[in-house]
Q: 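Quick one: the structure is below, and I'll ask about it shortly.
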Amino acid sequence: MNSSQNSLLKTIFTTKMLICIFTGFASGLPFYLLLQLLPAWLESDGINIKTIGAFSLTQIPYIFKFIWSPLMDNISLFNLGRRRGWMLGSQIILIFSIAILGFFSPSLNIWLIATICFIIALFSATQDIALDAFRRELLLDKELGLGNSIHTNAYRIAGLVPGSLSLILSNTLPWNSVFIITALFMLPAIIMTLLVKEPINQSPQNHTFEDIIIKPFSEFITRNGLKTAIWILTFIFLYKLGDSMATSLATPFYLQMGYSRPDIGWIAKNASLWPSVFGALMGGILMIKIGINRALWSFGVVQVISILGFIWLSIEGPFTTIGIFQKTLLAIVIGIESLGVGLGSAAFVAFIAKTTNPLYTATQFALFTSIASVPRTLINASTGFMVEHLGWTNFFWLCFILAFPGMLLLLKVAPWNSQS
């Protein structure tokens with residue numbers, strides 16, 4: 001084994017990469033609960049597709065998290081440091097909020113459920129700010145590609161809990177038990193937070209209002225120039241627009257195609273796990289080899305192609321009976337989507353991490369990921385209306401077309417031949 005292979009293995013099998021698995025899982029669980037389990041629960045209680053789509057608005061804290069992120073760059077909680085303190089506080093609130101969700105009826109308590117979902121989104125976004133900043137400060141620049149790839153794919157693997165296990169359990173257990181079991185999967189995150197160490201030299205300092213609020217944003221514009229900064233922010237907004245819209249109502253779509261919740265749960269478990277694991281390993285290793293820019297191009301193509309699977313399924317369905325062909329078709333669609341979106345997300349998060357300045361990690365990372373969340377939250381809130389007027393097939397064709405502007409912006413923000 002030569003020295004370059006030894007170096008690669010030493011980069012992969014480290015405590016830092018293990019921590020990235022836990023940060024990804026902790027971040028992904030509450031998000032996929034809102035994205036996958038919540039729509040299935042609402043659909044099972046007879047809530048219409050427009051209302052289910054409008055529930056995306058409860059995720060609005062993901063858009064505005066940059067507003068309170070400067071405070072998190074400067075305030076420490078529980079004497080754990082400015083990263084771990086916020087991580088722990090958010091995780092404790094999340095575990096209780098998720099656990100109580102199933103004690104209410106969607107048909108009777110829809111506004112109360114929306115409020116709890118907003119609280120989950122609020123503290124999930126707060127946890128994301130702390131986890132993103134912690135990870136950026138933990139990893140060296142050369143480790144960002146692999147570390148963020150592992151984080152992103154652990155994030156997606158976490159989706160197997162609400163998107164697979166919980167759906168399977170909902171066929172035999174009452175919903176309150178399902179949500180309690182789902183909430184307990186946040187416990188490893190709390191244990192991780194208590195065991196890891198705060199990044200070195202990251203103690204909070206006293207700063208002026210200008211240091212906390214103005215400088216993180218002005219530094220980004222000064223460093224890149226106004227024109228380039230606008231290109232970067234526009235790219236962040238558009239890169240995942242198409243696949244975000246396509247997956248926003250995936251669970252109700254599968255249900256309307258004739259699949260049962262256990263069908264979706266079992267098939268999702270098997271069809272998304274291995275592509276996600278493969279994406280975690282190959283995506284990170286390829287980014288070390290080819291750089292983040294070329295990964296954005298290559299993985300972005302796979303991400304766009306994955307939308308075609310939804311179109312295929314919508315043309316074939318809905319099904320009156322579910323046999324081997326129908327289950328295989330769903331497995332192919334979910335598998336390609338897991339691989340494509342997983343790879344695209346890995347490169348995308350690595351690009352965002354690279355774009356931040358370590359002096360303002362939490363604020364800038366939160367700003368960029370907030371912009372990326374706008375399509376998922378505001379635009380996705382209207383997807384239920386789009387489906388009702390366009391039908392599933394035309395809706396997915398629209399998603400496919402909307403995936404291209406972000407790819408074209410790579411010419412400006414991440415040229416293929418630029419070394420990065």
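Since we're looking at a predicted model, the values are computed, not measured. Atoms considered below: every heavy atom in the structure, side chains included; atoms not considered: hydrogens, waters and symmetry mates. Position 1 is the first residue of the sequence, and the numbers go up from there.
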Q: Can T251 and E43 be said to form a side-chain contact (heavy atoms from CB on, under 4.5 Å), step by step?
A: CA-CA 9 Å; T251 304; E43 170 87 15; over 6 Å; no
Q: Could you walk me through whether I116 and I98 pass side-chain contact (heavy atoms from CB on, under 4.5 Å), step by step?
A: CA-CA 8 Å; I116 297 172; I98 294 169; over 6 Å; no
Q: Got a second to check how far L101's CG is from L112's CG, nearest 0.5 Å?
A: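 Reported value, rounded in 0.5 Å steps: 9.0 Å.
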Q: Give a yes or no on whether the backbone of F118 and the side-chain of Q59 come within a donor-acceptor separation of less than 3.5 Å.
A: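 Such a contact is absent between Q59 side chain and F118 backbone.
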Q: Taking the side chain as everything from C-beta on, heavy atoms only, tell me whether W68 gets closer than 4.5 Å to L122.
A: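 Contact flag for W68/L122 side chains = yes.
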Q: What's the verdict on side-chain contact (heavy atoms from CB on, under 4.5 Å) for L296 and F235, showing C-alpha distance, side-chain angles and the deciding distance?
A: CA-CA 11 Å; L296 284 166; F235 165 75; 4.2 Å; yes
Q: Heavy atoms, side chains only, cut-off 4.5 Å: are C117 and F55 in contact?
A: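 The answer is yes; the side chains approach within 4.5 Å.
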Q: When you measure from the side chain of S260 to the backbone of D263, do you find a donor-acceptor pair of N or O atoms at a distance under 3.5 Å?
A: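 Confirmed, S260 side chain pairs with D263 backbone.
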Q: Tell me whether W312 contacts the main-chain N or O of L329 through its side chain, where contact means a donor paired with an acceptor under 3.5 Å.
A: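 Looks like no, no N/O pair under 3.5 Å.
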Q: Is there a donor-acceptor contact under 3.5 Å from the side chain of Y259 to the main chain of Q326?
A: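 Indeed, once roles are kept as given, a pair shorter than 3.5 Å links the two residues.
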Q: Sequence neighbours excluded, which residues qualify as salt bridge (Lys or Arg N to Asp or Glu O under 4.0 Å) partners of K412?
A: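 Partners of K412 by the salt bridge (Lys or Arg N to Asp or Glu O under 4.0 Å) criterion come out as none, since no residue qualifies.
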Q: Looking at K16, I'd like to know if its NZ atom is crowded, meaning that more than 12 non-hydrogen atoms belonging to other residues, nucleotides or ligands lie closer than 6.0 Å.
A: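 Count over threshold, so yes.
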Q: Can you tell me how far the CD1 atom of I264 sits from the CE atom of M257, to the nearest 0.5 Å?
A: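 Rounded to the nearest 0.5 Å, the CD1-CE separation comes out at 11.0 Å.
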Q: Using atom types as modelled and distance alone, determine if a side-chain donor or acceptor of H151 lies under 3.5 Å from a backbone N or O of G147.
A: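 Answer holds: no.
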Q: Heavy-atom distance under 4.5 Å between the side chains of Q127 and P30, does that happen here?
A: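 Yes, at least one pair of side-chain atoms sits under 4.5 Å.
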Q: Measuring centre to centre across the rings, with the benzene-like ring taken for any Trp, is F310 within less than 6.0 Å of F400?
A: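 No, ring centres 6.0 Å or more apart.
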Q: If you define the side chain from C-beta out and look only at heavy atoms, does anything of F31 sit under 4.5 Å from Y62?
A: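 In short, these two side chains touch, coming nearer than 4.5 Å.
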Q: Within the side chain of T115, is there an N or O that forms a donor-acceptor pair under 3.5 Å with the backbone of W111?
A: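 A pair under 3.5 Å: yes.
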Q: Kindly indicate, with the supporting measurements, whether the criterion side-chain contact (heavy atoms from CB on, under 4.5 Å) is fulfilled by W392 and Q256.
A: CA-CA 10 Å; W392 286 110; Q256 289 192 14; 3.1 Å; yes
Q: With no hydrogens and no angle check, is any side-chain donor or acceptor of E219 less than 3.5 Å from a backbone partner on N357?
A: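 Such a contact is absent between E219 side chain and N357 backbone.
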Q: For F368 together with F351, are the ring centres under 6.0 Å from each other?
A: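 Between F351 and F368, the centre distance exceeds or equals 6.0 Å.
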Q: Between K65 and T369, does any side-chain donor sit less than 3.5 Å from a side-chain acceptor?
A: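 The answer is yes; a qualifying pair exists.
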Q: Is the W175 ring parallel, tilted or perpendicular to the W41 ring (thresholds 30°, 60°)?
A: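 Tilted: the ring planes of W175 and W41 meet at 30° to 60°.
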Q: Side chains of I110 and L42: does their closest heavy-atom pair fall under 4.5 Å?
A: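 Counting from C-beta outward, I110 and L42 do come under 4.5 Å.
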Q: Only distances under 3.5 Å count here; give the side-chain donor-acceptor pairs of residues 226-234 to other protein atoms, sequence neighbours excluded, each with its distance to 0.1 Å.
A:
from	atom 1	to	atom 2	distance (Å)
T228	OG1	N224	O	3.4
T234	OG1	I230	O	2.8

Q: When you compare the side chain of L33 with that of F179, does any pair of heavy atoms fall below 4.5 Å?
A: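 A side-chain contact exists here, since the closest heavy-atom pair is under 4.5 Å.
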Q: Would you say E198's side chain and R84's backbone share a donor-acceptor pair under 3.5 angstrom?
A: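 Yes; judged by distance alone, with no hydrogens or angles, the pair exists.
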Q: Flag the pair F299 / F348 as yes when their ring centroid distance falls below 6.0 Å, and as no otherwise.
A: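 No - the distance between ring centres of F299 and F348 does not fall below the 6.0 Å cut-off.
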Q: Under 3.5 Å, is there a donor-acceptor pair between the Q364 and T355 side chains?
A: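 Their side chains do not contain a donor-acceptor pair, so the 3.5 Å distance test is not met.
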Q: State whether the side chain of S166 and the backbone N or O of V161 hold a donor-acceptor pair below 3.5 Å, judged by distance alone.
A: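 Confirmed, S166 side chain pairs with V161 backbone.
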Q: Checking T23 side chain against C20 main chain: does a donor-acceptor pair fall under 3.5 Å?
A: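 Judged by distance alone, yes, a pair lies under 3.5 Å.
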